Amino acid sequence: MSKPVVSAHFASRKPSDVRLAQMKYDERKVKPQEVINVGIGNVSLPTNPAMQKRMFELDAPESPFSKGVIRYTGTAGTPECQEAFKNILRCQGYDTSKLHVAVTDGGSSGMELLLVGVCGPAGTGEQPLMMIDPAYTNYISFAERIGRKTVSVKRHMGEDGKFNLPEMDKIEEAIKKHNPGALLVIPYDNPTGQLYSFEMMKELAELCVKYNMWMISDEAYRELYYDKNKDLISIWNISDAEVPGIEGRRISLDTASKVWNACGLRIGALITDNEEFYDRAVAEYTANLCANAIGQYIFGALAHQTKEEIAAWAKEIREYYEELIMKVYNGLKEQEPKLIVSSPDASIYSVIDVRNVVKPGFDCIDFVLYCAQEGSAVIDGVETTLLVAPMRGFYENVAGEYNPGTTQFRISYVETPEKMAKVPELFVKLLRQYEAQRA
């Protein structure tokens with residue numbers, strides 16, 4: 001008897017490179033004593049105290065869940081949760097009087113929704129999303145899921161660990177060639193840790209106006225930057241006063257996941273100054289009904305925080321990550337000076353490039369699978385392995401072109417400081433073991 005067949009799309013799907021190591025490690029028959037997982041940006045810090053209070057007191061008299069009833073909210077989110085996103089922006093110095101907030105089930109749902117809203121019809125390849133590679137892999141995955149197209153311009157990782165944008169005229173050439181519907185920027189960049197400058201954001205905004213594109217800014221890591229001489233950067237820094245015509249084409253993605261240490265809460269937002277885009281986005285999202293009602297209530301606590309409270313929280317989180325990142329950065333360079341490690345400027349990630357260390361034919365996927373499925377090293381007397389994310393999937397794969405991610409890995413600063421301190425020695429030991437067996 002014949003069996004039903006999955007769709008061609010399902011048949012073609014492979015696990016996200018970000019989740020690959022964890023999935024393969026779970027299948028491992030004999031596991032080492034310890035695993036350090038820095039492949040996924042799964043923040044392990046406690047969330048904000050105001051959010052914790054609501055989370056621990058869902059049965060309090062003032063809670064909408066005190067009687068055990070959990071109803072749908074409005075599709076665009078509760079007014080309080082919408083206000084929480086606006087309040088954060090206001091406390092950071094931005095004018096929110098003309099902004100519209102659509103609350104989504106995590107930033108991921110927001111990504112998928114905006115792709116539908118800014119790209120051409122499904123299956124046509126018209127008006128693709130233009131990204132700056134390497135870029136967060138989920139944009140590519142969601143675009144493939146809904147039949148939209150992405151195109152990219154590539155950054156290059158120099159020997160100094162800096163990722164450099166191509167010249168603006170090269171970006172402009174790519175825009176003319178592909179006619180994108182929108183340009184995506186990640187100012188506090190995932191995966192590279194690059195911090196965009198205001199001037200860079202302004203120049204990209206000028207191109208968006210010139211070629212009538214939406215400008216999308218993924219601001220999941222806003223406030224997480226480590227140069228005390230720099231100011232906060234956002235798409236909301238850029239108005240018609242700086243770039244005439246930019247207003248009405250600005251969209252940002254926000255989330256509870258990173259700055260607020262609430263990855264599993266699954267609360268995100270699409271924020272825009274274009275009323276028609278907002279109305280259409282909400283209309284499209286009615287099919288999803290609404291975002292997580294309990295998550296909205298917990299995140300809604302931030303609607304009542306003061307400017308001083310928001311600033312104090314951001315400072316605490318920033319200082320925590322800066323210390324962690326610098327220790328790992330310096331540790332990697334001490335363990336193996338030939339490693340290229342991305343400049344520790346922003347977000348909660350570093351990219352490690354092993355191109356100066358490994359033999360020809362090296363493939364980042366194979367090394368990730370080695371660590372997950374069989375590799376281990378003794379660190380402080382404990383047999384340990386390391387899970388990292390291969391960078392190959394963060395770049396657009398173009399037939400006939402070498403993928404720079406082939407020798408690169410992303411690490412996330414999500415484990416405890418004690419575990420993160422082991423990463424440099426563990427990474428280098430595993431890499432040397434793997435290279436020795438390839439001889």
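This chain uses plain numbering: 1 for the first residue, then up along the sequence. Computed over heavy atoms, backbone and side chain alike; hydrogens, waters and symmetry mates excluded. The structure displayed is predicted, hence computed values, not measured ones.
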Would you call [X] and [Y] a side-chain contact if the rule is heavy atoms closer than 4.5 Å?
X: Pro404; Y: Lys154; answer: yes
X: Glu167; Y: Ile171; answer: no
X: Thr272; Y: Arg250; answer: no
X: Met391; Y: Pro134; answer: yes

- Task: State whether Tyr225 and Arg318 meet the cation-pi test: NZ (Lys) or CZ (Arg) under 6.0 Å from the six-membered ring centroid, and within 45° of the perpendicular axis.
- Result: yes
- Sorted by chain and residue number, the side chain to side chain donor-acceptor pair (under 3.5 Å) partners of Asn274 (sequence neighbours excluded) come out as none
- Task: List in chain and number order the residues that pass side chain to side chain donor-acceptor pair (under 3.5 Å) with Asp353, two or more places apart in sequence or in another chain; answer none if no residue qualifies.
- Result: Arg355, Thr407, Gln408
If I take atom [atom1] from residue [X] and atom [atom2] from residue [Y], how far apart are they, to the nearest 0.5 angstrom?
X: Ser412; Y: Ile348; atom1: OG; atom2: CD1; value: 6.0 Å
X: Ile70; Y: Ile294; atom1: CD1; atom2: CD1; value: 3.5 Å
X: Trp236; Y: Ile271; atom1: CH2; atom2: CD1; value: 7.0 Å
X: Met157; Y: Ile352; atom1: CE; atom2: CD1; value: 8.5 Å
X: Phe277; Y: Trp214; atom1: CZ; atom2: CH2; value: 6.0 Å
X: Ser152; Y: Ile140; atom1: OG; atom2: CD1; value: 7.5 Å

Considering all heavy atoms of both residues, which atom of [X] and which atom of [Y] are nearest to each other, and what is their separation?
X: His304; Y: Asn87; answer: N-ND2, 4.3 Å
X: Pro46; Y: Trp313; answer: O-CH2, 3.8 Å
X: Tyr278; Y: Ala76; answer: OH-CB, 3.3 Å
X: Ile267; Y: Gln296; answer: CD1-N, 3.5 Å
X: Asn292; Y: Leu265; answer: ND2-O, 3.4 Å
X: Ser108; Y: Asn138; answer: OG-ND2, 4.0 Å

- Item | Chi angles and distances behind the side chain to side chain contact (heavy atoms under 4.5 Å, CB included) call for Ile235, Met215 | CA-CA 8 Å; Ile235 196 172; Met215 185 171 184; 3.9 Å; yes
Tell me, yes or no, whether the heavy-atom count around [X] atom [atom1], taken from other residues, nucleotides or ligands under 6.0 Å, exceeds 12.
X: Arg28; atom1: CZ; answer: yes
X: Tyr72; atom1: OH; answer: no
X: Lys149; atom1: NZ; answer: no
X: Lys327; atom1: NZ; answer: no

- Do the rings of Phe427 and Phe367 sit parallel, tilted or perpendicular, given the 30° and 60° boundaries? perpendicular
- Message: Once you measure the plane-to-plane angle for Tyr434 and Tyr370, does it fall in the parallel (<30°), tilted (30-60°) or perpendicular (>60°) bin?
- Response: tilted
Between the side chains of [Y] and [X], is the shortest nitrogen-to-carboxylate-oxygen separation below 4.0 Å, so that they form an ion pair?
X: Glu203; Y: Lys210; result: no
X: Lys422; Y: Glu415; result: no
X: Asp345; Y: Lys230; result: no

- Query: Run the ring pair (Phe, Tyr, Trp, His ring centres under 6.0 Å) check on Tyr136 and Phe394 step by step: do they pass?
  - Reply: CA-CA 6 Å; Tyr136 183 41; Phe394 288 81; 7.0 Å; no
- Item | Chi angles and distances behind the ring pair (Phe, Tyr, Trp, His ring centres under 6.0 Å) call for Tyr188, Tyr196 | CA-CA 7 Å; Tyr188 308 80; Tyr196 280 49; 9.0 Å; no
